[in-house]
Amino acid sequence: MGTRKETQSTTQASALSNAEIADRLAGLAQLLSTQKENPYKVKAYQRAAVRVRLLSESLDDLVKEDADLTQFPGVGEAIASAIREIVLTGKLRKLDALRGQADPEVASLTDYPRLDPKRILRIYKKLKINSIEALSEKLESGEIESALGRRAAQHVRQGLSEPHVMLLYRADALRDSIEEFLLTKCGAKAVQVVGACRRRAEVIEEIAFVIETDDFSSVVRRMQHYGGRTELLETSSHHGVYALAAGPTLRLRHCSSPDWALALIAETGSAAHLKKLEAVTERVTSLFGSGAFPTETAFYRKFGLEYIEPELREGHDEIERAQQHTLPSLVRLKDIRGELHAHSTSSDGSHSIEQMAIAARDFGYEYIGMTDHSQSLKIARGVPVADLWKQVRAIDKLNDNLNSRLTGIQVLKSAEVDILADGTLDYPDELLAELDYTVCSVHSRFGFGKQEQTERILRAMDNRYFNILGHATGRLLLKRPGYELDVERIIHHAKKTGCFFEINSSPDRLDLSAENARLANEAGVKIAISTDAHSTREFGTVRYGIDQARRAGLEPTSILNCLPWPSLGPLFRR
DNA sequence: GCCGTTTTCGGCCCGACTGTTTTCAGTCG
């Protein structure tokens, strides 16, 4: 297990990195949380630590230039002053004082800023231990999991090890920041992201760029100042690899302009893809210097292949299909005609149905289905039966008004209906019959075994008012595995009963996975690409659902919401 | 401690269910 090194004592000579500053703020938050301190203060320090860790500019430099640190969100007067103290003195008196007062077993936790002291102290008490070493042993032996559950074990595992992966949407933000840094601070002339980010993989371990520059060694050197200081792990005349404080590694690949397209080919595909590709072409890097390939398309054409979209370069069947010229024509944003999963203030959304409708229209959509939560989901203010009846009538009126006042958007009557523990739906049939369609989801009893969970969903699908299965597996990427399911059996049943799936575009769900979406598509079951928007600002996340659909090889003809409503509506009547 | 189209104070989800950690913490959106 990789352990976090004590950073405090190793860096007096050089400037502090933003990550080191963030570690101290997070450590202070930890110690404050064990006291009777305002929990919002604790959160403020935690939030500031997270943001500081992601800054590209060096806080050390900014402090020494006497810049105003409150320009950064989450940093107010108090935390700005704490950061100044850390940079100028190398210490944070408040942190040291609290550490001195705390029990040694608590104080030692500040070396692991992602551990929640309260949870750890409970584990200590339960297992009768009092040190990180013992904690690590109990994790390895499985005692934490058996005594306190899988979630507790996961918390400890994540807290003790360095993060090395990141969700795609966060990696996108980091990619933008690094790209700007390379272009404006490092002397790069052109940069292009490649690797897993370009393939739109849902979780990112490495952010990779192809770079054109006159002086690569200077780029490599200057990149080490990213975020104050970023560790260079290895380098050569044409590449540099760094450990980003945010977790993933960063890889820079130098490339001269004539080889640009070849470098993109060599650096974008997965290892499995490249192995299959080079069995058909030649070793891509052996062609460097030929100057014969101005574009990626030219390369593929030379070897009798169709252009392969980056999202497909995973080593499934794309090489064979490129040879046969039968690659799918992948779905794009402009193919999407409407939203089929969105919430309003009727349940746990931030905006009214009318506001959501107007925003959807302004996003370019023809329709939006309002899928507020159903009555049982209390925490999300699930809509009671009587209120949904009212909402159905209100939407009828709204459509009339919208059509007279604001042409171009239709509001669909729907609901995100809970699939209850016994597989029944959370509204009576006579109410469901009034809806244009339903999204039905599991929000409870994640602990059922595979067979019980599967049969619960199959039973729900037997209801003629069941249309789309929402976030089919319930997974939260990097946080929670999905509930156990026999996905193939559910796909088979969906085909038989006329039900559909969604790809939920929430960047931490992306559920169906690309793999499951591929299976559903092969079975001939159509899929909605939905955002599950809880505000007018979230329609844009559809791009992540589209990424996922493209990775699954889906064409617009496989996507429910690529259809206009007059063609789509009848598919929902069983 | 931070923040502001509720702007210098009073907010910052939250509420019911689950399950074994037996009495409240974890969990779901």
Side-chain angles (χ1 to χ4, degrees), chain A residues 25-26 28-29 31-33 35 37-52 69-83 92 94-95 116-128 138 143-156 341-351 355 371-384 415-421 426 439-448 453 470-471 473-476 479-483 504 506 508-509 511 530-538:
Chain A
L25 296 176
L28 183 54
L31 293 177
L32 290 173
S33 79
Q35 306 199 321
E37 187 52 87
N38 175 2
Y40 294 110
K41 187 197 275 196
V42 174
K43 275 189 189 157
Y45 276 103
Q46 288 170 339
R47 209 167 41 228
V50 167
R51 290 180 172 163
V52 159
L69 303 181
T70 63
Q71 65 180 291
F72 300 110
V75 178
E77 286 302 329
I79 291 179
S81 134
I83 293 171
L92 185 56
K94 198 167 168 186
L95 175 60
D116 171 10
K118 287 184 186 165
R119 289 178 85 162
I120 300 306
L121 288 177
R122 263 195 302 280
I123 295 171
Y124 279 3
K125 193 174 165 192
K126 174 87 181 170
L127 299 180
K128 298 185 171 54
K138 297 290 184 189
E143 280 176 77
I144 293 179
E145 177 158 351
S146 59
L148 293 116
R150 193 163 62 169
R151 302 293 280 269
Q154 190 186 16
H155 175 74
V156 173
H341 188 163
H343 298 265
S344 76
T345 46
S346 297
S347 61
D348 60 347
S350 308
H351 295 100
Q355 287 172 319
T371 53
D372 279 303
H373 285 291
S374 60
Q375 53 182 344
S376 291
L377 199 63
K378 306 289 186 195
I379 190 174
R381 300 198 303 274
V383 181
E416 182 176 7
V417 186
D418 265 42
I419 298 170
L420 301 177
D426 196 22
V439 174
C440 301
S441 308
V442 167
H443 289 125
S444 60
R445 309 304 296 268
F446 282 29
F448 279 172
Q453 197 70 276
H471 44 70
T473 73
R475 73 173 183 177
L476 292 179
K479 203 182 290 176
R480 177 179 82 194
Y483 24 84
N504 190 298
S506 289
D508 62 345
R509 289 192 183 271
D511 182 12
S530 299
T531 63
D532 205 349
H534 282 67
S535 84
T536 54
R537 297 177 299 272
E538 289 171 41

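Chain naming here is simple, since letters A, B, ... match the order of the sequence lines and numbering starts at 1 in each. The basis for the numbers below is simple: all heavy atoms, side chains too, and nothing from hydrogens, waters or symmetry mates.
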What's the CD-P distance between A:Q46 and B:dC12, to the nearest Å?
18 Å

With side-chain hydrogen bond (donor to acceptor under 3.5 Å, both in side chains) as the criterion, how do A:D116 and A:H155 come out once you've worked through the C-alpha distance, each side chain's angles and the decisive distance to 0.1 Å?
CA-CA 8 Å; A:D116 171 10; A:H155 175 74; 5.3 Å; no

List in chain and number order the residues that pass side-chain hydrogen bond (donor to acceptor under 3.5 Å, both in side chains) with A:S374, two or more places apart in sequence or in another chain; answer none if no residue qualifies.
A:D426

Which listed nucleotide (B:dG1, B:dC3, B:dG29) is nearest to the side chain of A:D348?
B:dG29

Interatomic distance where NE2 belongs to A:H373 and P belongs to B:dC13 [whole Å]:
17 Å

Answer with base, sugar-phosphate or nothing: what part of the nucleic acid does A:V42 contact at a heavy-atom distance below 4.0 Å?
nothing

Would you indicate what A:E416 reaches in the nucleic acid, counting non-hydrogen atoms under 4.0 angstrom: base, sugar-phosphate, or nothing?
nothing

Would you check if the side chain of A:E538 reaches a backbone N or O of A:H534 as a donor-acceptor pair within less than 3.5 Å?
yes

Distance, rounded to the nearest Å, where A:R475 contributes CZ and B:dG29 contributes P:
14 Å

With a 4.0 Å cut-off on heavy atoms, is A:D532 in touch with a base, just the backbone sugar-phosphate, or nothing at all?
nothing

Pairwise C1' distance, B:dT8 and B:dC2 [rounded to whole Å]
12 Å

Residues two or more places apart in sequence or in another chain: which of them pass side chain to side chain contact (heavy atoms under 4.5 Å, CB included) with A:A421?
A:R445, A:F448

Residues in ring pair (Phe, Tyr, Trp, His ring centres under 6.0 Å) with A:H471, at least two apart?
A:H443

Does A:K41 place a side-chain N or O at less than 4.0 Å from the phosphate oxygens OP1/OP2 of B:dG1?
yes

Readout for nucleotides 18-28 of chain B: B = base within 4.0 Å of protein heavy atom, S = sugar-phosphate only, - = neither; 5' to 3' it is SS-S---SSSB

In whole Å, what separates the P atom of B:dA16 from that of B:dG10?
27 Å

For A:F446, ring pair (Phe, Tyr, Trp, His ring centres under 6.0 Å) partners two or more places apart:
A:Y483

Is there a donor-acceptor contact under 3.5 Å from the side chain of A:S506 to the main chain of A:D508?
no

Between B:dC13 and B:dG4, how far apart are the P atoms? Round to whole Å, please.
14 Å

Would you measure the distance from the C1' atom in B:dC14 across to the matching atom in B:dC9 and give it in whole Å?
22 Å

Spacing between A:D426 atom CG and B:dG29 atom C1', to the nearest angstrom:
14 Å

Using Watson-Crick or G-U wobble geometry with both distances under 3.5 Å, which nucleotide pairs with B:dT8?
none

Starting from P on B:dG29, measure out to NE2 on A:H341 and report it in whole angstrom.
11 Å

Measure from CG on A:N38 to P on B:dG11 and round the result to the nearest Å.
14 Å

Determine the interatomic distance between C1' on B:dG26 and the same-named atom on B:dT21; round to the nearest Å.
11 Å

Checking A:L127 now: which residues fulfil side chain to side chain contact (heavy atoms under 4.5 Å, CB included) with it, not counting sequence neighbours?
A:I123, A:I129, A:K138, A:I144, A:A147, A:L148

Could you tell me the separation between the NE2 atom of A:H534 and the C1' atom of B:dC13, rounded to a whole number of Å?
12 Å

Name the nucleic acid region contacted by A:P39, choosing base, sugar-phosphate or nothing; use a 4.0 angstrom heavy-atom cut-off, strictly under.
nothing

On a whole-Å scale, what distance lies between the C1' atoms belonging to B:dC12 and B:dT6?
14 Å

Atom pair distance, as rounded to whole Å: CZ in A:R381 and P in B:dA16
13 Å

